[in-house]
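Since the structure is predicted, the reported quantities are computational estimates derived from the model, not experimental observations.
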Amino acid sequence: MQKRNVTNAHRQECLSAVESIFGLEEVIAGDFILINFFALEGWNLAELFQIRCVVAAPYVVPYSAPSSFERHFRKEFPLLYDYLQEAPSGKVCWKDVMHWMWPLFAESWGYWRSDVLHLSSIPFTDPVTSLPKWHDRDPSPLLLYGFSEDIVEHPDYWPSNVHVCGFWFFPIEWQFSCQQCLQVAALDSEVHSKTEYPKCSVHVQLHSFLKTDTSMPLVFIGLSSIGSMGFMRNPQAFLAVLQIVARITNYRFILFTAGHEPLQTAVLAAAADESSSFSQRQFGEDGIILFNGQLFCFAGSIPYLCLFPKCAVAVHHGGSGSTAAALKAGIPQVICPFLLDQFYWAERMFWLGVAPEPLKRCHLLPESTDGMCIMEAADAFSGSIHTALSSTVQARASEISSQIAQQDGVSEAVKILEREICN
């Protein structure tokens, strides 16, 4: 019941937001709603306000229809099944449904469509007769993928209106947590071409760390929101693994804490243990150096496109953005996936030869500080980094970077939208 109440409240918020935009004025030709695979409210609301809906995703569909879906659909909606199977070119068809639209036919959407939006409970059917809209077929939905065909193939069996644009990268200006860095970047028109991190006066330690001991490979570690999502249950164990890996290797590490308070607290405690004169200062400005100068912990945000070219390896959770940035920088990756499309990217990078086999969660984030558990994790983690730094993996990462270097996924997506929507 609680889950349903939360869902209903969320859908009402979506309805109110879209209504505030399209409910008060006449819809203009070329208007559309842009959604991702987890915002299917937008598809139904686009139908309500008679606006085209476009799907954009930086990852392949992270779910597939149950094996029994087609059989049940054909039995439950035989006329609609024929309608979709017999669709002419350019119109919504069964391929669209099987590729990504099948969740729209779930019962949970049906009651919201009929009781709240006053649409037919089943998409592509008449609200009065419940028959397929033979006289008014919808176009095949435009789906834009934000990755490169050099990385993910575009098979012939995908729907005709699926477009693979190339990777989408945020403007560098959007990725600064430091206002001074942003101001420096704005003054330096060359920052984009040089992929240099702006040298502001706040991050003295950061710049010093990036330039120190360049003979020791620099390993980036960033898990984004994995901590806040509850996957990092024991930050002390995580730091213990890093401490041992730093001790048994000649690697340096830069760790993004992503604002996860338990991890930041553990870092502060480790710093206090290392130095009796350590001051319990805030994480917000510069960073904290641990483990004999081999680990730099940073609570802020640096554009990956600036940082990764300075790194030898990127260790991350397999998010599409981190994966793309490492590919563009031409550096090997070590991926520890936790959910959804992260498992796909981890396996894909291994298959492409730019990463070792995906790292098990317990080998990066052990739940126990037991000595044997920590040592086992440290051995596995350091082994993955060693594999990533092999000449074979490094060469493959460099090769793929060259292949995608000239691709501009954002510009390609804009061109497609202008052609498909505006014209």
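- Here the side chains of Phe32 and Leu417 are in contact, with some heavy-atom distance below 4.5 Å.
- Side-chain atoms of Glu420 and Val54, non-hydrogen and from C-beta on, never get closer than 4.5 Å to each other.
- The neighbour count for Glu149 CD, taken as heavy atoms of other residues, nucleotides or ligands under 6.0 Å away, is above 12.
- Tyr304 and Phe220 have their aromatic ring centers within a separation under 6.0 angstrom.
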Inset, instruction - Go through the steps for Thr7 and Ser108 under the test side chain to side chain contact (heavy atoms under 4.5 Å, CB included), then give the verdict. - result: CA-CA 10 Å; Thr7 299; Ser108 60; over 6 Å; no
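- A distance below 6.0 Å separates the ring centres of Trp100 and Trp43.
- At a threshold of 4.5 Å between non-hydrogen side-chain atoms, the residues Phe298 and Leu307 do not count as touching.
- With a 4.5 Å cut-off on side-chain heavy atoms, Glu19 and Phe49 count as touching.
- In this structure a side-chain-to-backbone donor-acceptor pair under 3.5 Å is present from Arg396 to Leu352.
- In this model, no donor atom of one side chain and acceptor atom of the other lie less than 3.5 Å apart for Tyr81 and Glu76.
- Of the listed residues (His316, His260, Met232), just one forms a side-chain contact (heavy atoms from CB on, under 4.5 Å) with Leu223, and that residue is Met232.
- Counting only heavy atoms from C-beta outward, the side chains of Arg137 and Tyr83 approach each other to under 4.5 Å.
- For the pair Ile288 and Ala271, the tightest heavy-atom approach, listed with the atom from each and the gap, is CG2-CB, 3.7 Å.
- Lys415 and Glu418 are not joined by a salt bridge, as no carboxylate oxygen comes within less than 4.0 angstrom of a charged side-chain nitrogen.
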Inset, instruction - Just do the side chain to side chain contact (heavy atoms under 4.5 Å, CB included) check on Leu104 and Asn44 with the steps written out, would you? - result: CA-CA 9 Å; Leu104 289 167; Asn44 297 291; 4.1 Å; yes
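- To the nearest 0.5 Å, atom CD1 of residue Ile289 and atom OG of residue Ser208 are 6.5 Å apart.
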Legend entry - side chain to side chain contact (heavy atoms under 4.5 Å, CB included) between Glu47 and Asp138, intermediate numbers included: CA-CA 10 Å; Glu47 180 181 345; Asp138 290 354; 5.9 Å; no
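- Listed here is the closest heavy atom pair of Val92 and Pro141: CG2-CD, 4.0 Å.
- For Ser322 (side chain) and Gly318 (main-chain N/O), no donor-acceptor pair under 3.5 Å exists by modelled atom type.
- Few gaps surround CG on Asn5; more than 12 heavy atoms of other groups in view lie less than 6.0 Å from it.
- For Ala380 against Leu359, the heavy-atom pair with the smallest separation is O-CD1, 4.1 Å.
- Between the Arg233 side chain and the Leu365 main chain, no donor and acceptor come within less than 3.5 Å of each other.
- Residues Val164 and Val152 are not in side-chain contact: their nearest non-hydrogen atoms beyond the backbone lie 4.5 Å or more apart.
- Note that CZ of Phe381 and NE2 of His386 are 14.5 Å apart. Values are rounded to the nearest 0.5 Å.
- The main-chain N or O of Glu261 is found under 3.5 Å from a side-chain atom of Thr265 such that the two form a donor-acceptor pair.
- Contact record, His99 with Leu143: CD2-CD2, 3.6 Å, taken as the closest heavy-atom pair.
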Sequence neighbours excluded and cut-off under 3.5 Å, please list the side-chain donor-acceptor pairs for residues 236-249, or say none.
from   : atom 1 : to     : atom 2 : distance (Å)
Thr249 : OG1    : Val245 : O      : 2.6
Thr249 : OG1    : Tyr251 : N      : 3.3

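- Applying the 6.0 Å contact sphere to NZ of Lys91 captures more than 12 heavy atoms from other residues, nucleotides or ligands.
- When side chains are defined from C-beta on, Pro366 does not count as touching Asn234, because their heavy atoms never get closer than 4.5 Å.
- Of all the heavy atoms in Ala397 and Pro332, the pair that sits closest is CB-N, 3.9 Å.
- Note that SG of Cys311 is 7.5 Å distant from CG of Leu210, once rounded to the nearest 0.5 Å.
- Looking only at distances, no side-chain donor or acceptor of Asp379 sits under 3.5 Å from a matching main-chain atom of Glu376.
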Please output the side-chain donor-acceptor pairs of residues 154-163 that fall under 3.5 Å, not counting sequence neighbours, one pair per line with the distance.
from   : atom 1 : to     : atom 2 : distance (Å)
Asn161 : OD1    : His163 : NE2    : 3.3
Asn161 : ND2    : Ser140 : O      : 2.9

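- Between Trp345 and Phe147, the ring planes lie perpendicular to each other; the angle is over 60°, past the 30° to 60° tilted range.
- Contact record, Arg361 with Cys336: CA-SG, 3.6 Å, taken as the closest heavy-atom pair.
- In this structure the side chain of Glu412 never reaches within 4.5 angstrom of the side chain of Leu144, judged on heavy atoms.
- The CZ atom of Arg348 lies 14.0 Å from the CG atom of Asp341; values are rounded to the nearest 0.5 Å.
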Legend entry - CA sep, side-chain torsions, deciding dist, call: Glu41, Val18, side chain to side chain contact (heavy atoms under 4.5 Å, CB included): CA-CA 10 Å; Glu41 292 85 359; Val18 175; over 6 Å; no
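- Using a 30° and 60° split on the angle between ring planes, Phe231 and Phe338 fall in the tilted class, from 30° to 60°.
- The ring pair (Phe, Tyr, Trp, His ring centres under 6.0 Å) check on Phe73 picks up Phe69, Phe77, Trp94, Phe105, with sequence neighbours excluded.
- The distance from the CH2 atom of Trp168 to the CG atom of Asp408 is 12.0 Å, given to the nearest 0.5 Å.
- Interatomic distance, CZ of Phe22 versus CG of Leu45, reported as 10.5 Å (0.5 Å rounding).
- At most 12 non-hydrogen atoms from other residues, nucleotides or ligands lie less than 6.0 angstrom from CZ of Phe170.
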